[in-house]
Amino acid sequence: MINLSLPDGSIRSFEKPVSGAELAASIGPGLAKSALAVKIDGEMRDLGRPIERDAKVSIVTSRDPDALELLRHDAAHVLAQAVQELYPGTQITFGPATENGFYYDFARAEPFTPEDFDKIEKRMAEIVDRDLPIEREVWDRAKLKKFFVDHGESFKAEWSEELPGNEEITVYRQGTWQDMCKGPHLPSTGKLGKAFKLMRVSGAYWRGDAKNAQLQRIYGTIFFSDKELKAYLTQLEEAEKRDHRRIAKEMALFHQQEEAAGMVFWHPKGWQLWRTLEAFLRKRLDDGGYVEVKTPQLVDRRLWEASGHWEKFRENMYISENEDGLRDYIANPAERVFALKPMNCPCHVQIFNQGLKSYRDLPLRLAEFGSCHRFEPAGALHGILRVRNFTQDDAHIFCTEKQIEAETIKFCDLLRGIYRDLGFPDFFVKFSDRPPVRAGSDAVWDQAESSLRDASKAAGIDLILNPGEGAFYGPKLEFVLRDAIGRDWQCGTLQVDFVVPGRLGASYVGEDGARHVPVMLHRAIFGSMERMIGILIEHYAGRFPLWMAPTQAVVCTIVSDADGYAKEVEAALVEAGLRVETDLRNEKINYKVREHSLAKTPALLAVGNRDVEARTVSIRRLGSDKQETLALADAVHRLKEEARAPQ
RNA sequence: GCCCUGAUAGCUCAGCGGUAGAGCAACCGCUUCGUAAGCGGUAGGCCGUUGGUUCAAAUCCGACUCGGGGCACCA
């Protein structure tokens, strides 16, 4: 007797094992039809497999949040089948579901182009119409290897060899096509539906390694309904409209050009935004007990050798010619060679090292808006989100081991407040531990990792583990914020470093009168000014809150008779500290409203003859077509209050 | 760096073997108007660079440069 308990609490008993499909049919014909899979004690299984033991079961339909992943994985298989039918000789490799859809990686000499998509989509639809049953088979390892070798599937053959020996190896068959796969899958290709679309083709490496063969990856997405697919495509269009490069052009914030690839030419409006954010952050740092410093861009190789950067980070550094102008530092290793700083930490240690420090000086928090250069591969560059010259809102906290916890808590509080005030109430934290290439002994890493973990716990922060992703000198916390359309961006960081201070000879005199090496906490909140500005542009779609907006208000005249008064209004707003422009052009108010609205100006102040007479202004706020007429002094007062940066 | 894709006026884009096009912006007039485009005119291009095919190339082919989407890398 097998007892299966259903989500509603009822229990169904069967004489012998039943399949998920039979269970669904026993509950009702509607459910049998919409059943896609079954969850047995929370584990998703094929509908056709017998349930052999007592368990909590639930029938998975398209309403189950986990069903989408199933659908997408199946779509990847159908894609692969369609491609192999259309392009014989193409090898299959992997094809998982992803967050937004699915992909499948193929090996084929001829490139796929987006022009092939129509054909492939049609064939996929055909396979859906064939409604092929999807069957699970358990295969013997040797048979599997031979099968793949015989069928010219060298990648699959390679992979089949490496599967752990104790695992059951399953093959899923749909019609004449099959793939080695763990499953689970839908009962038949007909369940897929046709709300799918192939999105793009790109390169990918076999097993994610650039040393391996290059495969062709076809991306697609699928939903249970056309309506959801359409909504997703609309959302993509929305995201494209928010693209910071597009908005930057529209709002004249900055530009980039090939003579300085990966760097930014800030225009007046963009630089104003930068200055506003820098001032906002600087105030918080001042209040938070930091002292600001400024250190050199170009620093002798010897310092980078001492810090370990020359060894661990040199590939990413810009190396200069030496002092005498000799370019060939390889032929003249004794000559002095400089490098543009890729990080600020070694320079901050130099400041720490000036003069004898006592434990009474700790914690010492040295902050810098430090401009760093890193050589990034051309393909990695992306607008101002990924650049080669960026300005870190960097700081290094020199402290004792005992102070790590208190400093971590203090930092998390500071960061939380800043993210909230920028408009990002939600963030999460990743914990990255020791990477394969690193400096420092295992004992030091053990200590660093456990201090950081304990301190995070004390700060009330939940950590998501991110193994092997730490910096070469220490483990780190990475703060990831979520934007207005649900995308995640890694910005802040806190890194514990027991290595670099010692290497660079930092020490302080302790209570015991002996010399000790301080711990250094590397930390950033924005991460980089450039990147944060890019994120803010996309988050707000250029419609910044008043305090951030480069131009906060434009005074628009309705008739030229109001020109003199408009200048007076402008002067009053400037006097109140607002960033204002005046539009005296001989254009209709409709035209001016449209133009300044498209330019995303937060406040428009229209003045006509009535306003000249009554000393009023009519305010129209971005995003609303309502107007409000106020006495000039009231309008100035109100805007001034609202334009104040969050305190 | 690798794969796909693209490059035409300041911007957005059409043209895809036969004399280079539109809208917006710019400039010049007219228009003074109360909340998302008033009217008319003028000017603006080595069709990314470079080889080739052709009677003829923005258009077809190759190379290169740069942009975009991914991969890898990463703040």
Side-chain angles (χ1 to χ4, degrees), chain A residues 103 105-106 108 111-117 199-219 236 240 243 245-246 249-250 252 256-259 261 315-316 342-343 372 374-394 469 471 476 478-480 489-493 495 522 524-532 534-535 556-563 584-599 604-611 617-629:
Chain A
Y103 65 79
D105 287 347
F106 299 99
R108 177 182 179 231
F112 291 111
T113 69
E115 283 72 57
D116 296 319
F117 285 6
M199 306 295 288
R200 63 176 68 92
V201 56
S202 82
Y205 298 104
W206 168 238
R207 307 177 73 169
D209 189 331
K211 288 194 282 290
N212 290 341
Q214 176 116 25
L215 307 172
Q216 298 187 64
R217 176 170 298 179
I218 298 180
Y219 283 92
L236 283 187
E240 207 181 308
D243 190 307
R245 292 162 300 185
R246 170 200 290 257
K249 198 182 266 181
E250 287 167 5
Q256 295 174 284
Q257 65 186 52
E258 61 181 275
E259 285 79 0
E315 283 180 4
N316 292 300
M343 297 183 193
C372 296
R374 294 183 191 170
F375 179 77
E376 302 285 355
L381 302 179
H382 181 83
I384 60 171
L385 296 176
R386 188 79 184 275
V387 289
R388 287 177 173 156
N389 173 25
F390 59 99
T391 303
Q392 289 182 314
D393 61 317
D394 204 4
E469 297 293 326
K476 55 186 179 184
E478 294 173 323
F479 298 83
V480 182
W489 303 94
Q490 186 181 312
C491 295
T493 182
Q495 311 176 3
H522 306 242
I525 293 175
F526 286 9
S528 100
M529 294 295 291
E530 288 82 357
R531 184 172 153 84
M532 180 56 84
I535 293 167
C556 299
T557 50
I558 294 166
V559 291
S560 55
D561 288 344
D563 286 3
L584 302 181
R585 290 175 303 172
N586 175 14
E587 295 289 353
K588 290 172 74 168
I589 191 66
N590 288 304
Y591 182 92
K592 295 185 185 183
V593 165
R594 175 178 157 82
E595 190 157 285
H596 298 298
S597 297
L598 289 174
L604 297 186
L605 284 66
V607 292
N609 283 328
R610 296 207 297 265
D611 301 291
V617 293
S618 146
I619 301 188
R620 178 186 169 122
R621 298 299 300 265
L622 184 62
S624 163
D625 57 4
K626 296 205 172 55
Q627 303 144 42
E628 191 178 7
T629 303

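Below, read A as the first sequence line, B as the second, and so on, with proteins coming before strands; counting in each chain starts at 1. Just the heavy atoms: all of them, side chains too, but no hydrogens, waters or symmetry mates, feed the values below. Since the structure is predicted, the reported quantities are computational estimates derived from the model, not experimental observations.
For A:Arg108, there are no salt bridge (Lys or Arg N to Asp or Glu O under 4.0 Å) partners two or more places apart in sequence or in a different chain. With sequence neighbours left out, the salt bridge (Lys or Arg N to Asp or Glu O under 4.0 Å) criterion links A:Asp393 to no other residue. Residues meeting the side chain to side chain donor-acceptor pair (under 3.5 Å) test with A:Lys592, sequence neighbours left out: A:Thr557. With sequence neighbours left out, A:Glu376 forms a side chain to side chain donor-acceptor pair (under 3.5 Å) with A:Arg386. By the ring-ring contact (aromatic ring centres under 6.0 Å, His included) test, A:Phe390 pairs with no residue at all, sequence neighbours left out. Residues forming a ring-ring contact (aromatic ring centres under 6.0 Å, His included) with A:Tyr219 (at least two apart in sequence, or on another chain): A:Tyr103. A:Phe526 is linked by a ring-ring contact (aromatic ring centres under 6.0 Å, His included) to nothing, counting only residues two or more places apart in sequence or in another chain. Among residues two or more places apart in sequence or in another chain, the salt bridge (Lys or Arg N to Asp or Glu O under 4.0 Å) test is passed with A:Arg374 by none. Annotation: salt bridge (Lys or Arg N to Asp or Glu O under 4.0 Å) contacts of A:Arg207 (sequence neighbours excluded): A:Glu158, A:Glu162.
Judged by closest nucleotide on RNA chain B, A:Arg620 is the one of A:Leu381 and A:Arg620 placed further toward the 5' end. Where A:Gly379 and A:Val617 meet RNA chain B, the nucleotide closest to each residue was compared, and A:Gly379 sits on the side nearer the 5' end.
Looking at A:Glu595, its side chain has no donor and acceptor atom pair within 3.5 Å of the base of B:rA25. No N or O donor and acceptor, one from the side chain of A:Arg217 and one from the base of B:rC71, sit under 3.5 Å apart. Under 3.5 Å, the side chain of A:Arg386 and the base of B:rC73 form at least one donor-acceptor pair of N or O atoms.
Proximity note for A:Leu598 (side chain, C-beta onward) versus B:rA75, B:rG34, B:rA36: the nearest is B:rA36. Of the candidates B:rC73, B:rA37, B:rA75, B:rC73 carries the atom nearest the A:Ala380 side chain, counting heavy atoms from C-beta on. Checked against B:rU65, B:rG68, B:rG1, the side chain of A:Arg245 finds its nearest nucleotide in B:rG68. Set against B:rA37, B:rG1, B:rG38, the side chain of A:Tyr205 has B:rG1 as its closest nucleotide. With B:rC66, B:rA75, B:rG38 as the choices, the nucleotide that has an atom nearest any side-chain atom of A:Glu258 turns out to be B:rC66.
For B:rG67, neither phosphate oxygen OP1 nor OP2 lies less than 4.0 angstrom from any side-chain nitrogen or oxygen of A:His382. Between B:rC71 and A:Tyr103, no contact under 4.0 Å exists linking OP1 or OP2 to a side-chain N or O. At B:rC3, none of the side-chain N or O atoms of A:Tyr219 fall inside 4.0 Å of OP1 or OP2 (strictly under the cut-off). In this model, the phosphate group of B:rA75 is approached by a side-chain N or O of A:Lys476 to a distance below 4.0 Å at OP1 or OP2.
Put simply, the side chain of A:Asp243 never gets that close to the backbone of A:Glu240: no donor and acceptor are under 3.5 Å apart. At least one donor-acceptor pair closer than 3.5 Å links the side chain of A:Gln256 to the backbone N or O of A:Gly383.
Stem analysis of RNA chain B (at least three stacked-register Watson-Crick or G-U pairs, each with both distances under 3.5 Å) gives B:1-7 with B:65-71, B:10-13 with B:21-24, B:26-30 with B:38-42, B:48-52 with B:60-64.
An aromatic stacking contact links A:Phe390 with the base of B:rA75, defined here by ring centres under 5.5 Å apart and ring planes under 30° from parallel.
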Report summary line: Its contact letters, B for base, S for sugar-phosphate only and - for none at protein heavy atoms under 4.0 Å, make nucleotides 4-12 of chain B read SS-----SS

Report summary line: Each nucleotide of nucleotides 42-50 of chain B classed B (base within 4.0 Å of a protein heavy atom), S (only sugar-phosphate) or -, in 5' to 3' order, makes ---------

